[in-house]
Peer 1: 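First the structure, which I've put down as structure tokens, then a few questions once you've had a look.
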Amino acid sequence: SDTIKALPTGGVLLASTNDVENAAYKIQGEPTYAIQFHPEVYHTKDGKQLLENFLVTIADINQDWTPDSFVEETVEAIQEKVGNDKVVLGLSGGVDSTVAAVLLNKAIGKNLYCIFVNNGLLRKNEFESVLNQYEGMGLNVKGVDASKRFLDALAGIEDPELKRKAIGNAFIEVFDNEAHKLEDVKWLAQGTIYPDVIESVSATGGPSATIKSHHNVGGLPDFMKLKIVEPLRAIFKDEVRRVGATLGIDPELLGRHPFPGPGLGIRILGDITAEKVRMLQEVDAIFINGLKEWGLYDKVWQAGAMLLPVNSVGVMGDERTYEKCVALRAVESTDGMTADWVNLPYEFLQKTSNDIINKVKGVNRVVYDISSKPPATIEWE
């Protein structure tokens, strides 16, 4: 549906495809080039070379970005922006918020207060394990169990966008309550990264589409008087990991798969109940632990399980069952903007399916998602 029917004055054709005649051209006598495809996506052949040619050879930009220079500049920028003010940070246990916390800690030290909220939608035993993980990192972390509050806020809601907004609102309210317990906190820090921004709002004010809301993008309600600081807002996940390595963060923590802010709330299709969360936590634990045991975890960008709002007939023992279906999802990517499904070994999928059906009460069918992004997304909601 997108094509260039005729070249402009001075246009010289450089490349064509089977579908698009004017796929690339230049303007004669100018260092001006145009392409009708996405060089930045993972699937584009020689896309990185195209970008390098344009930025370095044509635009004459210096290649001076390094994780070290980013840390140095960001620490200075935080110190200048925040001064001696206190900052409260929403810590999730994921790569982004961890790197943001260590960066902020490096910049402002004891003026950083980290809060890790249990929204009731975390992975199995994640609340306790994440809190233990931060022991010895020198971060000031407080755990807040608000799981009932989130589950109550989600009761009866089925629409994915409304679920995200309900989770986001509850997240803000919990933070407001906790921030009021601290004296003179002026800033709320978040681990927002560039793909979050791109998918939630038009990054430049231009016509880019909103793909889905991210709970940490889009500003705060008027009643919350905190200003926002987002040290990772302009970089991608692979760059976040490189920055984290420069900061000396544990490689195991940096290699952790991305996990959505709304957690299992957007992996349970339809309405959310405590029983559905329990069921999906058990399924997810079998899948993720299996990936680790089979040496597959580090070969996958992100993996998880979805609880589908359908029941299917099965046979267990000598009895007919009518129970839930779950979908397993594993993708490979570099920045989360595009992704391919991972061709996991059949033997692994077979064992995982058997374990889930035999060990998780309420599930009698397992399917594997083989959709790429685009046209699908990594999460189902």
Peer 1: Any donor-acceptor pair under 3.5 Å linking the side-chain atoms of Asp68 with those of Thr66?
Peer 2: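 Distance-only check fails for Thr66 and Asp68.
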
Peer 1: Working to the nearest 0.5 angstrom, can you tell me the gap between Tyr368 OH and Arg329 CZ?
Peer 2: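 Reported value, rounded in 0.5 Å steps: 8.0 Å.
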
Peer 1: Do side-chain atoms of Lys163 reach the backbone of Gly270 as a donor and acceptor pair under 3.5 angstrom?
Peer 2: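 Here the side-chain-to-backbone pair exists.
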
Peer 1: Any idea which heavy atoms bring Gly120 and Val277 closest together, and the distance?
Peer 2: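 Between these two residues, the closest heavy atoms are O-CG1, 3.3 Å.
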
Peer 1: Kindly say whether Asp271 contributes a backbone atom to a donor-acceptor pair with the side chain of Lys276 at under 3.5 angstrom?
Peer 2: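 Present.
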
Peer 1: For the pair Asp152 and Lys148, find out whether any cationic side-chain nitrogen is under 4.0 Å from an anionic carboxylate oxygen.
Peer 2: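 Judged by the 4.0 Å cut-off on N to carboxylate O distance, Asp152 and Lys148 do form a salt bridge.
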
Peer 1: Could you give the side-chain donor-acceptor pairs of residues 291-305 under 3.5 Å, partners two or more places apart or in another chain?
Peer 2:
residue : atom : partner : partner atom : Å
Tyr297  : OH   : His257  : N            : 2.9
Gln302  : NE2  : Glu379  : OE2          : 2.7

Peer 1: If only atom types and distance count, is the side chain of Asp159 paired as donor or acceptor with the main-chain N or O of Glu161 below 3.5 Å?
Peer 2: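 Checking the backbone N and O of Glu161 against the side chain of Asp159, a donor-acceptor pair under 3.5 Å is found.
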
Peer 1: Taking salt bridge (Lys or Arg N to Asp or Glu O under 4.0 Å) as the definition, give me every residue that meets it alongside Arg365, ordered by chain and number, with sequence neighbours left out.
Peer 2: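 Here no residue qualifies.
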
Peer 1: Applying side-chain hydrogen bond (donor to acceptor under 3.5 Å, both in side chains) to Thr17 and Asp19, what does each step give before you reach the verdict?
Peer 2: CA-CA 5 Å; Thr17 72; Asp19 300 314; 5.2 Å; no

Peer 1: Could I get the full list of ring-ring contact (aromatic ring centres under 6.0 Å, His included) partners for Tyr25, not counting sequence neighbours?
Peer 2: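 For Tyr25, no residue satisfies ring-ring contact (aromatic ring centres under 6.0 Å, His included) once neighbours in sequence are set aside.
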
Peer 1: Linking Ile, Leu, Val, Met, Phe, Trp and Tyr through side-chain heavy atoms less than 4.5 Å apart, which residues share a cluster with Val313?
Peer 2: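 The other cluster members (ILVMFWY side chains, heavy atoms under 4.5 Å, direct or chained) are Tyr322.
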
Peer 1: Using modelled atom types only, decide if a donor and an acceptor are shared between the side chain of Asn111 and the backbone of Asn84 within a distance under 3.5 Å.
Peer 2: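 It does hold such a pair.
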
Peer 1: Val229 pairs by side chain to side chain contact (heavy atoms under 4.5 Å, CB included) with which of Leu188, Val87, Ile108?
Peer 2: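 Among the candidates, only Val87 passes.
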
Peer 1: Which hydrophobic side chains are connected to Leu308, either touching it within the sub-4.5 Å cutoff or through other members that do?
Peer 2: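 Direct or chained contacts put Leu308 with Leu269, Met306, Val310, Trp380.
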
Peer 1: Does Asp184 come within less than 4.0 Å of Lys86, counting only side-chain N to carboxylate O?
Peer 2: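 Lys86 and Asp184: not salt-bridged.
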
Peer 1: To the nearest 0.5 angstrom, please state how far the CD atom of Gln350 sits from the CG atom of Asn354.
Peer 2: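 Spacing of CD (Gln350) from CG (Asn354) equals 6.0 Å.
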
Peer 1: Does any N or O in the side chain of Ser353 come within less than 3.5 Å of the main-chain N or O of Leu349, such that one atom is a donor and the other an acceptor?
Peer 2: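 No; zero donor-acceptor contacts below 3.5 Å.
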
Peer 1: Measure from the side-chain N and O atoms of Ser16 to the backbone N and O of Glu21, and report whether any donor-acceptor pair falls under 3.5 Å.
Peer 2: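 A pair under 3.5 Å: yes.
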
Peer 1: With a 4.5 Å heavy-atom cut-off, do Asn118 and Val144 have their side chains touching?
Peer 2: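 The answer is no; the side chains never approach within 4.5 Å.
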
Peer 1: Determine whether Asn364 and Lys324 satisfy the following criterion, side chain to side chain contact (heavy atoms under 4.5 Å, CB included), listing intermediate values before the conclusion.
Peer 2: CA-CA 6 Å; Asn364 71 353; Lys324 292 294 181 191; over 6 Å; no

Peer 1: If hydrophobic clusters are built from ILVMFWY residues whose side chains come within less than 4.5 Å, do Leu344 and Val367 share one?
Peer 2: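 No, Leu344 and Val367 fall in different hydrophobic clusters.
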
Peer 1: Members other than Ile157 in its cluster, when Ile, Leu, Val, Met, Phe, Trp, Tyr link by side-chain heavy atoms under 4.5 Å?
Peer 2: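 Ile157 clusters with Leu162.
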
Peer 1: Among residues at least two apart in sequence or on other chains, which ones pass salt bridge (Lys or Arg N to Asp or Glu O under 4.0 Å) with Lys26?
Peer 2: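 None.
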
Peer 1: If the condition is ring-ring contact (aromatic ring centres under 6.0 Å, His included), which residues does Phe236 pass it with, not counting sequence neighbours?
Peer 2: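 By the ring-ring contact (aromatic ring centres under 6.0 Å, His included) rule, Phe236 matches Tyr194.
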
Peer 1: Distance check, rounded to the nearest 0.5 Å: Leu328 atom CG versus Asp369 atom CG?
Peer 2: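 Nearest 0.5 Å value for the CG-CG distance: 9.5 Å.
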
Peer 1: Run the ring-ring contact (aromatic ring centres under 6.0 Å, His included) test against Phe150 and tell me which residues pass, sequence neighbours left out.
Peer 2: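 By the ring-ring contact (aromatic ring centres under 6.0 Å, His included) rule, Phe150 matches no residue at all.
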
Peer 1: So, does Thr44 use its side chain to make a donor-acceptor pair with the main chain of His38 at under 3.5 Å?
Peer 2: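 Here the side-chain-to-backbone pair exists.
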
Peer 1: Once salt bridge (Lys or Arg N to Asp or Glu O under 4.0 Å) is applied, do any residues pair with Glu282, and if so which ones, sequence neighbours excluded?
Peer 2: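 Lys124.
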
Peer 1: Measure the shortest side-chain to side-chain distance between Gln190 and Arg233 over non-hydrogen atoms and say whether it is less than 4.5 angstrom.
Peer 2: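 Of all side-chain heavy-atom pairs linking Arg233 with Gln190, none is under 4.5 Å.
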
Peer 1: Indicate yes or no: does Arg267 engage Glu381 in a salt bridge with an N to O separation below 4.0 Å.
Peer 2: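 Salt bridge flag = no for Glu381 with Arg267.
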
Peer 1: Has Gln281 got a side-chain atom pairing as donor or acceptor with Leu122's backbone, closer than 3.5 angstrom?
Peer 2: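 Yes: the side chain of Gln281 pairs with the backbone of Leu122.
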
Peer 1: Evaluate side chain to side chain contact (heavy atoms under 4.5 Å, CB included) for Gln133 paired with Leu253, printing each intermediate quantity in order.
Peer 2: CA-CA 9 Å; Gln133 199 170 33; Leu253 203 158; 3.7 Å; yes

Peer 1: Please tabulate, one pair per line, all N/O donor-acceptor pairs under 3.5 Å involving side-chain atoms of residues 88-107, not counting sequence neighbours.
Peer 2:
residue : atom : partner : partner atom : Å
Ser92   : OG   : Gly94   : N            : 3.1
Ser92   : OG   : Ser97   : OG           : 3.1
Asp96   : OD1  : Lys237  : NZ           : 3.0
Asp96   : OD2  : Lys237  : NZ           : 2.9
Ser97   : OG   : Ser92   : N            : 3.0
Thr98   : OG1  : Gly94   : O            : 2.6
Thr98   : OG1  : Tyr134  : OH           : 2.4

Peer 1: Give a yes or no answer on whether the side chain of Ser69 reaches the backbone of Trp65 with a donor-acceptor pair at less than 3.5 Å.
Peer 2: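 Pair absent, no side-chain N/O of Ser69 close to backbone of Trp65.
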
Peer 1: What about Ile370 and Val366, same hydrophobic cluster or not, with Ile/Leu/Val/Met/Phe/Trp/Tyr joined at side-chain heavy-atom distances under 4.5 Å?
Peer 2: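 Yes.
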
Peer 1: Keeping the roles fixed (side chain from Asn289, backbone from Ala285), state whether a donor-acceptor pair exists under 3.5 Å.
Peer 2: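 Side chain of Asn289 to backbone of Ala285: a pair is present.
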
Peer 1: Closest approach of Val342 and Glu332, non-hydrogen atoms and distance?
Peer 2: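 Result for this residue pair: CG2-N, 3.5 Å.
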
Peer 1: Side-chain heavy atoms under 4.5 Å apart, restricted to Ile/Leu/Val/Met/Phe/Trp/Tyr: what other residues fall into the cluster of Leu50, or is it alone?
Peer 2: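 Joined to Leu50, directly or through intermediates: Ile35, Phe37.
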
Peer 1: Under the side chain to side chain contact (heavy atoms under 4.5 Å, CB included) criterion, do Val82 and Asp85 qualify, and how do the steps go?
Peer 2: CA-CA 6 Å; Val82 172; Asp85 292 346; 3.9 Å; yes

Peer 1: Report, as yes or no, whether the 6.0 Å neighbourhood of atom CD on Gln28 holds more than 12 heavy atoms from other residues, nucleotides or ligands.
Peer 2: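 No - once you tally the heavy atoms of other residues, nucleotides and ligands closer than 6.0 Å, there are 12 at most.
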
Peer 1: About how many Å separate CG of Asp284 and CG of Leu307, when rounded to the nearest 0.5 Å?
Peer 2: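 Leu307 atom CG to Asp284 atom CG measures 11.5 Å (nearest 0.5 Å).
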
Peer 1: Quick one: pull up CG in Asn177 and CD1 in Ile172 and give me the separation to the nearest 0.5 Å.
Peer 2: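 Taking CG in Asn177 and CD1 in Ile172, the distance rounds to 11.5 Å.
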
Peer 1: Under the criterion side chain to side chain contact (heavy atoms under 4.5 Å, CB included), I'd like the reasoning laid out for Phe116 against Val130: C-alpha separation, chi angles, the key distance, then a yes or no.
Peer 2: CA-CA 9 Å; Phe116 176 42; Val130 166; 3.6 Å; yes

Peer 1: Say whether Ile58 and Val12 are linked into one hydrophobic cluster, either directly or through other cluster members, by side-chain heavy-atom distances under 4.5 angstrom.
Peer 2: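 Different hydrophobic clusters.
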
Peer 1: Taking atom types as modelled, is there a side-chain donor on Asn119 or Ser147 under 3.5 Å from an acceptor on the other?
Peer 2: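 On atom types as modelled, these side chains do not qualify, holding no pair under 3.5 Å.
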
Peer 1: Closer than 4.0 angstrom, basic N to acidic O: yes or no for Glu178 and Lys181?
Peer 2: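 Judged by the 4.0 Å cut-off on N to carboxylate O distance, Glu178 and Lys181 do form a salt bridge.
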
Peer 1: Show the nearest heavy-atom pair for residues Pro262 and Ile266, with the distance to one decimal.
Peer 2: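 In this case the closest contact between Pro262 and Ile266 is CB-CG2, 3.9 Å.
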
Peer 1: Please determine whether a side-chain nitrogen of the Lys or Arg among Lys351 and Glu347 lies less than 4.0 Å from a carboxylate oxygen of the Asp or Glu.
Peer 2: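 Answer for the salt bridge query: no.
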
Peer 1: Assess the residue pair Arg278 and Glu275 against the criterion (salt bridge (Lys or Arg N to Asp or Glu O under 4.0 Å)); give the C-alpha distance rounded to whole Å, side-chain angles, the decisive distance to 0.1 Å, and a yes or no.
Peer 2: CA-CA 5 Å; Arg278 180 208 63 78; Glu275 174 57 20; 2.8 Å; yes

Peer 1: Is it true that atom CG of Asn132 has more than 12 heavy atoms of other residues, nucleotides or ligands lying nearer than 6.0 Å?
Peer 2: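 It does: Asn132 CG has more than 12 such atoms within range.
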
